[in-house]
Amino acid sequence: MTTPIPAYNPAEIEPKWQRIWAETHAFEAEASHAKPKFYGLIEFPYPSGAGLHVGHPRSNTAMDIICRKRRMQGYNVLFPIGWDAFGLPTENYAIKHHVHPAKVTRENIDHFRRQLQMLGFSFDYSREVDTTDPNYFKWTQWIFLKLFEHGLVFRDKTLVNYCPSCKVVLSNEDSQGGKCDVCHGDVVQLPKDVWYLRITAYADRLLEGLKTVDYPENIAMQQVNWIGKSQGAFVQFPLAGTEEKIEIYTTRPDTLFGVTFMVMAPEHPLIDKYAGRIANMAEVKAYREECAKKTEFERTQLVKDKTGVRLEGLTAVNPLTGKEVPIYLSDYVMMGYGTGAIMAVPAHDQRDWEFAKKFGIEIIEVIQGGDITKEAYTGDGPMVNSGFLNGYTNKKDSIARAVEEVEKLGLGRAGVQYKMKDWAFNRQRYWGEPIPLIHCPKCGVVAVPYEELPLRLPEVEDFEPGQDGKSPLARIPSFVHCKCPKCGGDAERETDTMPQWAGSSWYFLRYVDPHNDKVFADRGELDYWMPVDWYNGGMEHVTRHLLYSRFWHQFLYDIGEVSCPEPYAKRTAQGMILAEDGEKMSKSRGNVINPDDVVAEIGADAFRCYEMFMGAFDQAIPWSVTGSKGCRKFLDRVWRLQEKVVAGDSFSPALNAVLNETVKKVSEDIEKMKFNTAIAQMMTLVNEMSAQPTVTVKEMETLLLILSPVAPHLCEEIWQRLGHAEPIHHQPWPAWDEAALQKAEVEIAVQVNGKVRGRIMIPADLTKETAEQELPANPDVQRITAGKTIVKVIFVPGRLLNIVVK
RNA sequence: GCUGAUGUGGUGGAACGGCAGACACCGGGGACUUAAAAUCCCCUGCCGCGAGGCGUGCGGGUUCGAGUCCCGCCAUCAGCACCA
């Protein structure tokens, strides 16, 4: 007699298996390089004070399922976890509550780790990294110094995006729309010395590399748009009566004959240089002040209504026609893109057209095909009014010819421009990696010697940023004052720290050898594990984080530190989980669902199952409490199947067919991240099994094997109860039997003129020819087609028979 | 404005150009219970008593056959926003 089956109690079995996995080091990557490897990666979390909400584990669960399957398929799997722990929220919390950010970070990490462990993820916790650990950021600083050594770090005085509330300089990426990424307050423009990383030097490589990796189309597209490469030409317009030349950038140098004016950005430096020759300088100054008041956000709101002012007394000479054209100032031209000045061709650029209409400037057509009295024509057509370019109809040829001519004159050259800007790399905050540079009055900027890394953060009492926009580190004399490593004289340290993006730009490399104190990672480990085979994360990181980390990796490849040019072979992204009201989950809306509560209610396995079942993985989807309970019901049914288990392989051919179908579908769907349909198919199988008087051990085991990546605790427990000493995660992934999928008879639909009119059973192996000849004579078919003239018969094997009648 | 995605029952969602609505949730009915919960069984796109008809945002088209492909709209979401 079998012992009675106790009730399914996840609160008991889940902690039990989590303990066993930890004690047996079940999911640590094997040191040996004998097996084929699989490196699965999720974006390491920022350990915020709020803890996880149910959105976070979606990515983790998906990758956990894939990694658990890979282990069963015989791979040596690296599935690491770590903490992207530098960052403003922690620092702001520290300021508010007067605790050290390191302490806050430690507590938050412990909280996050407990939550992740509660969900049973098969992370290799022996390889945890923490970006705030000096043993980690030593190598972040090391990479920075390598970038510095190779001329990819530079300092520039520019207008920066400054957040008065956070008291910090922001990158363009962090201040989209004129709002601070952290506090969402208004950003103002402030002149400042800023450290930049020359990511634009890698713009083409970042584009080219996309062709060699497996990213979905929409992710690759976003990166391409972000980089924003355009081909064109730089052309110089002499300033009449001077030796000065105004350089512009254009994508259509072939429209030079249509230039009727020029526009410069209000901040353009030539204005000050020639202030003496500008008759209406007072007016110009007033306009510039007006523009300076506007944030970038406001400037972009005035899409239609163009403003500007003419520079009286200055004109520019068209290098091809010799004609003098007026120069205007307008804020529709940005100092930060191209050269800060444009040649205006109102006939063929809508913004120029609007400006010309408003200021009464001539509009000359040089490309035929539109009606330039109504709007600018931006299409193709034959060139007119354009001297040697007349008659050209091919854009490529006319552009090439125009570039050739300006080159001959020494007034232009072909060139490319990118929307992407260099990466502003300093923050005036405490809780970041100190930038390992020293300002020496004699030697200039000098790198901290490698052997002095890590350059640690000094202990301070007060983390509040300085009122002058300086880092709290600037207030610590013992940190600031140092000796120049080159000349030995008195010098001062850089007091800014790195942005949060720094630590996350290379963490995947540290995972392969996290405890190494000689190099950032052993070369043999890098060669074995890299590249990351599959990286899943959020859509919000597919531009910034992905480009930054690809940039650093490509640089490390160039200097011979890693052997693969791209860090991630495959990238996917999950959709966001929304609150039940369909809104984004947020503390302020009060609609956050805490995974602790869900696990207490339905258990971790049901939680994981629902996260994957609720909808298409890459779509945003609202959480549903009742929906999540459906997954718990499903696991209850699996648990109760134990009551039906009897010895044997297979009794029911019908069940055997569903079983094999399910193994096949689950195996294939996991690879496509179609977890919802994989689980739906397992539900169908369980419904089928529940309907049987008994199920065999073999059938039950197969179900457990394919379900175990989704519901690992439950499957381990039943597996053990079936008498196995070896854990289920060590078992091979089951194969399916194609032969078992074959059925003798299939039901097909009978259509008349494409509309379903009946169903018939036919032998499964009926060929198309035989079916189309014989089936119309089938009595059931005849009943449907009685009295009609058959024109055509179409048979789709296994699906349907369509009879076209008159 | 540009780019991308999405649009299917009361809800989340399935569907190599081939039986639309798999699998769930909700709801309804029944069984078991003193009762409730849990569980099990049945029903559940819309209209219609029925035969049948209508149905995948809207309008066209291709096809024997369209949720799926093509053309033109509309709506929602996301990203970028005067990029010369």
Side-chain angles (χ1 to χ4, degrees), chain A residues 7 176-177 216-219 221-222 224-226 228-230 232-233 248-253 255 262-263 265 296-297 299-306 330-334 336-345 348-352 354-355 417-420 539-540 542-543 575-576 578 580 582 609-610 613-616 618-631 633-634 636-637 640 674 676-687 690-691 747-759 791-805:
Chain A
Q176 297 284 316
E217 187 55 35
N218 60 334
I219 291 180
M221 186 66 76
Q222 281 207 33
V224 169
N225 290 342
W226 191 275
K229 181 177 182 172
S230 85
I248 60 96
Y249 175 74
T250 178
T251 53
R252 293 303 301 265
T255 59
M262 296 189 71
V263 186
E296 195 175 340
F297 184 67
R299 266 168 82 156
T300 59
Q301 290 307 296
L302 307 166
V303 176
K304 289 292 164 214
D305 190 26
K306 295 279 179 287
S330 177
D331 62 2
Y332 84 85
V333 173
M334 307 289 156
Y337 182 80
T339 61
I342 62 157
M343 63 178 215
V345 185
H348 306 291
D349 182 288
Q350 189 57 29
R351 295 152 300 168
D352 297 348
E354 282 158 16
F355 193 88
Q417 273 294 301
Y418 303 95
K419 284 187 204 175
M420 185 170 68
M539 276 310 285
E540 69 275 20
V542 303
T543 46
M576 205 187 311
L578 307 170
E580 288 211 88
C609 185
Y610 179 61
F613 178 68
M614 58 195 300
D618 56 357
Q619 299 289 307
I621 211 150
W623 184 268
S624 156
V625 171
T626 53
S628 67
K629 285 180 185 157
C631 283
K633 263 163 71 175
F634 164 60
D636 275 319
R637 283 163 75 84
R640 282 198 306 271
K674 296 184 72 168
N676 55 336
T677 50
I679 291 168
Q681 180 64 38
M682 288 191 277
M683 287 173 169
T684 305
L685 172 65
V686 169
N687 289 344
S690 301
E747 191 189 52
I748 62 160
V750 180
Q751 295 183 336
V752 175
N753 289 346
K755 290 206 183 294
V756 180
R757 284 289 178 270
R759 291 163 224 288
V791 181
K792 196 173 174 186
V793 179
I794 296 135
F795 177 72
V796 183
R799 299 268 180 192
L800 53 76
L801 179 77
N802 188 16
I803 296 169
V804 187
V805 300

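Just so it is clear: chains get the letters A, B, ... in the order the sequence lines come, proteins before strands, and each one is counted from 1.
Shown here, B:C82 forms no base pair; nothing in the strands shown gives a Watson-Crick or G-U wobble contact with both key distances under 3.5 Å. Both distances falling under 3.5 Å, in either a Watson-Crick or a G-U wobble arrangement, place B:C40 opposite B:G30. The nucleotide B:A51 finds no pairing partner, because no Watson-Crick or G-U wobble arrangement with both distances shorter than 3.5 Å includes it.
When the side-chain nitrogen and oxygen atoms of A:K674 are compared with OP1 and OP2 of B:A15, one or more of them lie within a distance under 4.0 Å. The shortest distance between the side-chain N/O atoms of A:T677 and the OP1/OP2 oxygens of B:G13 is not below 4.0 Å. Between A:R640 and the phosphate of B:C40, there is a side-chain N or O to OP1/OP2 separation shorter than 4.0 Å. The side chain of A:N676 places an N or O atom within less than 4.0 Å of a non-bridging phosphate oxygen (OP1 or OP2) of B:A14. OP1 or OP2 of B:A84 has not a single side-chain nitrogen or oxygen of A:Y249 nearer than 4.0 Å. Within the 4.0 Å cut-off from OP1 or OP2 of B:C2, not a single side-chain nitrogen or oxygen of A:N225 is found.
If you take atom C1' in B:C58 and the same atom in B:U11, they sit 24 Å apart, rounded to whole Å. Comparing the same atom, C1', in B:U68 and in B:U56 gives a spacing of 10 Å after rounding to whole Å. Here, B:A38 and B:U76 have their C1' atoms 41 Å apart, quoted to the whole Å. Distance check on atom P: B:G61 versus B:G50 gives 34 Å, rounded to whole Å. Nucleotides B:U63 and B:G13, compared at atom C1', are 29 Å apart to the nearest Å.
Listed candidates were B:C23, B:C83, B:C16. Nearest to the side chain of A:Y337 is B:C83. Counting only heavy atoms from C-beta on, A:M683 has its side chain closest to B:A24 among B:A14, B:A24, B:U3. Closest contact between the side chain of A:T626 and the listed nucleotides B:G12, B:C64, B:C25 involves B:C25. Closest to the side chain of A:D331, out of B:C82, B:G13, B:G79, is B:C82. Nearest nucleotide to the A:K633 side chain, out of B:G12, B:U39, B:U3: B:U39. Picking from B:A24, B:G18, B:G79 the nucleotide with the shortest atom distance to the side chain of A:N802 gives B:G18. Picking from B:G18, B:G13, B:A84 the nucleotide with the shortest atom distance to the side chain of A:L800 gives B:G18. Taking every side-chain heavy atom of A:R351 into account, B:C82 is the closest of B:C82, B:G18, B:C23. Among the nucleotides B:C23, B:U3, B:C82, the one closest to the side chain of A:Y332 is B:C82. Taking every side-chain heavy atom of A:R637 into account, B:C40 is the closest of B:C40, B:A14, B:C82.
To the nearest 0.5 Å, atoms OH (A:Y337) and OG1 (A:T339) are separated by 10.5 Å.
Applying the 90° criterion around 0 to the glycosidic angle, B:G60 comes out anti.
Residue order along RNA chain B, read from the 5' end via each residue's closest nucleotide, puts A:Q619 first among A:Q619 and A:V804. Mapping A:G338 and A:I621 onto RNA chain B by nearest heavy atom places A:I621 closer to the 5' end of the strand.
Contact annotation: the side chain of A:F795 approaches that of A:I748 to within less than 4.5 Å [non-hydrogen atoms, C-beta and beyond]. Between A:Y332 and A:E354, the closest side-chain pair of non-hydrogen atoms is not below 4.5 Å. For the pair A:I679/A:Y610, no side-chain contact is recorded, criterion being any heavy-atom separation below 4.5 Å from C-beta on.
Residues A:M683 and A:C631 come closest through the heavy atom pair CE-SG, 4.4 Å. Taking all atoms of both residues into account, the shortest heavy-atom contact from A:C609 to A:F634 is SG-CD2, 4.1 Å.
The neighbour count for A:M539 CE, taken as heavy atoms of other residues, nucleotides or ligands under 6.0 Å away, is above 12.
At a threshold of 4.0 angstrom between heavy atoms, the contacts of A:G630 are confined to the sugar-phosphate backbone, with no base atom among them.
Atom CD1 of A:I679 is separated from atom C1' of B:G13 by 13 Å (rounded to the nearest Å). Atom-to-atom, CD1 of A:I794 to C1' of B:U63 comes out at 9 Å; the value is rounded to the nearest Å.
One donor-acceptor pair, N or O on each side, does fall under 3.5 Å between the base of B:C82 and the side chain of A:K306.
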